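For reference, the structure is listed below as structure tokens.
Hydrogens, waters and symmetry mates play no part in the numbers below; they use all other heavy atoms, side chains included. All figures in this text were calculated on a predicted structure; none of them were measured in a lab.
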Amino acid sequence: MKTIDWKKISAVCAVILAAMLCLRQSALAQEQVADKKFSIGPRATYSMAKDADEGEWSPGVQGRIRLSEDIGLAASIDYLKHDFGYGTTVRTYPIQGSLQAYLGQGGMLSPFILGGLGWYYTQVDGPFGYSDSTSRFGFHGGVGLEIAVNNSLYFDTTLRYVWVESVDSRDLNALDKTYNDRGAMFTLGLNFMF
């Protein structure tokens, strides 16, 4: 079982954050972010399942609604693919909904914490023509940062830890389910505000 390399993920986050801050400072130092409530855009997700040899980048899309200065809602769908060797490939389509709690007054930088629920449709293809699909429920929690580029565009990044119900507990009632399938997701997004 491979452990998640948090030092590597943290270093990548720090470099990306520094680059985004430099870009923002040089390009639009005087521009104010308008009071817009809805955003949508593409994102790239680096995901690492707990048993995968390495993580992989994959595409996705996200939408957000800012309910107030302090609270927002987010929804996303991604396409994740993991190769486990010996002809086994797992494709997952996580559909996640998150509650975001912003930790500042907004403006150019808006850090937040997030938590939410997800529905995960998974297709497993294995050797000798094996194929199976399932859908499972899960939870996630993490942190993020929005960086305003101008009054209609912002970058964002999140790091979240994901717990998905175990395959062997799918048919049990809610109190007996286990959430031993887990991993991490690091996202980079470009959001257009309306």
Side-chain angles (χ1 to χ4, degrees), residues 1-10 12-13 16 38-68 70-82 84 88-104 110-124 132-146 156-189 191:
M1 175 185 338
K2 179 158 174 129
T3 59
I4 295 171
D5 188 354
W6 290 106
K7 288 182 183 178
K8 188 176 184 180
I9 291 173
S10 298
V12 169
C13 290
I16 290 169
F38 177 72
S39 66
I40 190 166
R43 75 182 197 175
T45 301
Y46 182 82
S47 62
M48 170 95 60
K50 74 172 184 174
D51 294 328
D53 292 335
E54 59 185 43
E56 295 183 23
W57 285 99
S58 56
V61 65
Q62 64 188 9
R64 294 184 176 168
I65 298 174
R66 194 79 176 251
L67 301 176
S68 71
D70 302 322
I71 301 294
L73 296 175
S76 64
I77 183 168
D78 295 294
Y79 168 72
L80 309 175
K81 179 182 173 188
H82 297 286
F84 288 95
T88 302
T89 302
V90 178
R91 292 176 182 86
T92 304
Y93 303 87
I95 299 172
Q96 297 178 328
S98 305
L99 179 65
Q100 297 174 298
Y102 290 87
L103 304 174
S110 298
F112 58 89
I113 58 174
L114 62 90
L117 307 172
W119 179 72
Y120 301 82
Y121 174 77
T122 303
Q123 174 70 41
V124 179
D132 187 32
S133 62
T134 185
S135 59
R136 298 181 289 158
F137 176 76
F139 301 96
H140 61 271
V143 296
L145 179 66
E146 294 175 355
D156 80 271
T157 182
T158 65
L159 179 60
R160 64 188 78 193
Y161 198 73
V162 179
W163 299 267
V164 179
E165 69 180 292
S166 302
V167 172
D168 56 355
S169 73
R170 277 182 307 169
D171 298 325
L172 301 176
N173 68 49
L175 297 176
D176 294 328
K177 289 184 183 291
T178 59
Y179 295 87
N180 293 330
D181 293 344
R182 54 189 175 271
M185 294 174 72
F186 171 70
T187 66
L188 294 171
N191 299 276

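Going from atom CD of Glu56 over to atom OH of Tyr46 covers 8.5 Å, rounded to the nearest 0.5 Å. Here Leu117 contributes atom CG and Ile95 contributes atom CD1; the two are 13.0 Å apart, rounded to the nearest 0.5 Å.
Minimum heavy-atom separation, Ile65 to Phe38: CG1-CD1, 3.8 Å. Contact record, Leu80 with Pro94: CD1-CG, 3.5 Å, taken as the closest heavy-atom pair. The two residues Tyr161 and Gly183 come nearest to each other via the heavy atoms CD1-O, 3.4 Å. What you find for Arg160 and Leu114 is that their closest heavy atoms are NH2-CD2, 4.0 Å. Of all heavy-atom pairs spanning Tyr79 and Ser58, the tightest one is O-CB, 2.6 Å.
Between the Glu165 side chain and the Phe137 main chain, a donor and an acceptor come within less than 3.5 Å of each other. A donor-acceptor pair under 3.5 Å is formed between the side chain of Ser68 and the backbone N or O of Asp70.
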Exercise for the section: Quick one: do Tyr120 and Tyr93 satisfy ring pair (Phe, Tyr, Trp, His ring centres under 6.0 Å)? Show the steps, please. Expected result: CA-CA 6 Å; Tyr120 301 82; Tyr93 303 87; over 10 Å; no

Exercise for the section: Under the side-chain contact (heavy atoms from CB on, under 4.5 Å) rule, what do Ser98 and His140 come out as? Steps first, then yes or no, please. Expected result: CA-CA 8 Å; Ser98 305; His140 61 271; 2.6 Å; yes

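Counting heavy atoms from C-beta on, the side chains of Phe186 and Trp57 come closer than 4.5 Å. Two residues are said to be in side-chain contact when any heavy atoms from C-beta on lie closer than 4.5 Å; Lys81 and Thr89 meet this criterion.
A side chain to side chain donor-acceptor pair (under 3.5 Å) with Asn191 is found for one member of Gln62, Arg43, Arg64 and no other, namely Gln62.
Inspection of the Thr187 and Thr158 side chains reveals an N or O donor paired with an N or O acceptor under 3.5 Å.
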